[in-house]
Amino acid sequence: MDVNITHAQRIVQPRLFWRRAFAYLVDMTILEIVLAVLALVIPLNFGMPLFQSTQCGEVTSGPLVERVEREWPLKPGETRVNQICQITEFLGQESPFFQTTAIAGNPDGGPVSWQTISVALDQNGDPIEGSRTPSARWSV
């Protein structure tokens with residue numbers, strides 16, 4: 001009877017942790033490669049910052065700055081930051097946008113709040129109609 005038990009124990013190999021962990025890593029690597037190839041074939045934007053970079057530069061003059069100053073005047077104690085930003089996707093596709101932020105702060109060290117609006121730009125630097133983001137308010 002002991003002979004049959006030892007023979008059965010030899011047939012079933014133990015499930016080792018490191019073997020399973022290595023198999024999991026191999027599976028995840030294969031899945032990531034498949035997803036990367038799929039992302040190259042089908043240009044989907046999943047909003048992953050891993051696959052895009054954003055660079056912004058401050059703008060002090062221009063038609064967009066003048067329009068913002070005219071249509072959105074500052075209240076006392078507010079300052080404004082205007083930027084033109086460039087989002088570069090994984091495959092090199094670039095998307096420019098204009099962003100303006102009004103910052104209201106308490107000079108005594110109280111809470112600071114800001115409101116940001118951005119609009120996509122076309123190749124000539126003109127705003128694309130209907131692409132304005134809703135006004136975002138934040139306070140700290």
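Predicted, not measured: the structure shown is a model, and the values here were computed from it.
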Do [X] and [Y] come within less than 4.5 Å of each other through their side chains, counting heavy atoms only?
| X | Y | answer |
| --- | --- | --- |
| Leu121 | Ile128 | no |
| Thr100 | Val81 | no |
| Val65 | Phe98 | yes |
| Phe97 | Ile84 | no |

Donor-acceptor pair, distance only, cut-off 3.5 Å: does the side chain of [X] make one with the backbone of [Y]?
| X | Y | answer |
| --- | --- | --- |
| Glu71 | Val68 | no |
| Arg80 | Trp72 | yes |
| Asp122 | Asn124 | yes |

Calculate, to the nearest 0.5 Å, the distance between atoms [atom1] and [atom2] belonging to [X] and [Y] respectively.
| X | Y | atom1 | atom2 | answer |
| --- | --- | --- | --- | --- |
| Ser53 | Gln55 | OG | CD | 5.5 Å |
| Asn82 | Cys56 | CG | SG | 12.0 Å |
| Thr79 | Leu74 | OG1 | CG | 7.5 Å |

Query raised in the report: Going through the checks in order, is the side chain to side chain contact (heavy atoms under 4.5 Å, CB included) test met by Val112 and Ile103?
Result: CA-CA 7 Å; Val112 176; Ile103 303 166; 3.9 Å; yes
Report task. For Leu31, check side chain to side chain contact (heavy atoms under 4.5 Å, CB included) against everything at least two apart and list the hits. Result ->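 Once residues adjacent in sequence are excluded, the partners of Leu31 under the side chain to side chain contact (heavy atoms under 4.5 Å, CB included) criterion are Met28, Leu35.
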Query raised in the report: Is Glu78 atom CD crowded by more than 12 heavy atoms from other residues, nucleotides or ligands, each under 6.0 Å away?
Result: yes
Query raised in the report: Minimum heavy-atom separation for Gln99 to Thr116, with atom names?
Result: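 Minimum heavy-atom separation between Gln99 and Thr116: CG-CG2, 3.6 Å.
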Report task. Please check if Phe22 and Ile30 belong to a single hydrophobic cluster, counting links between Ile, Leu, Val, Met, Phe, Trp and Tyr side chain heavy atoms closer than 4.5 Å. Result ->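 Yes, Phe22 connects to Ile30 through the hydrophobic network.
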Query - Polar side chain donor-acceptor pair, Gln86 to Glu94, under 3.5 angstrom - result: yes
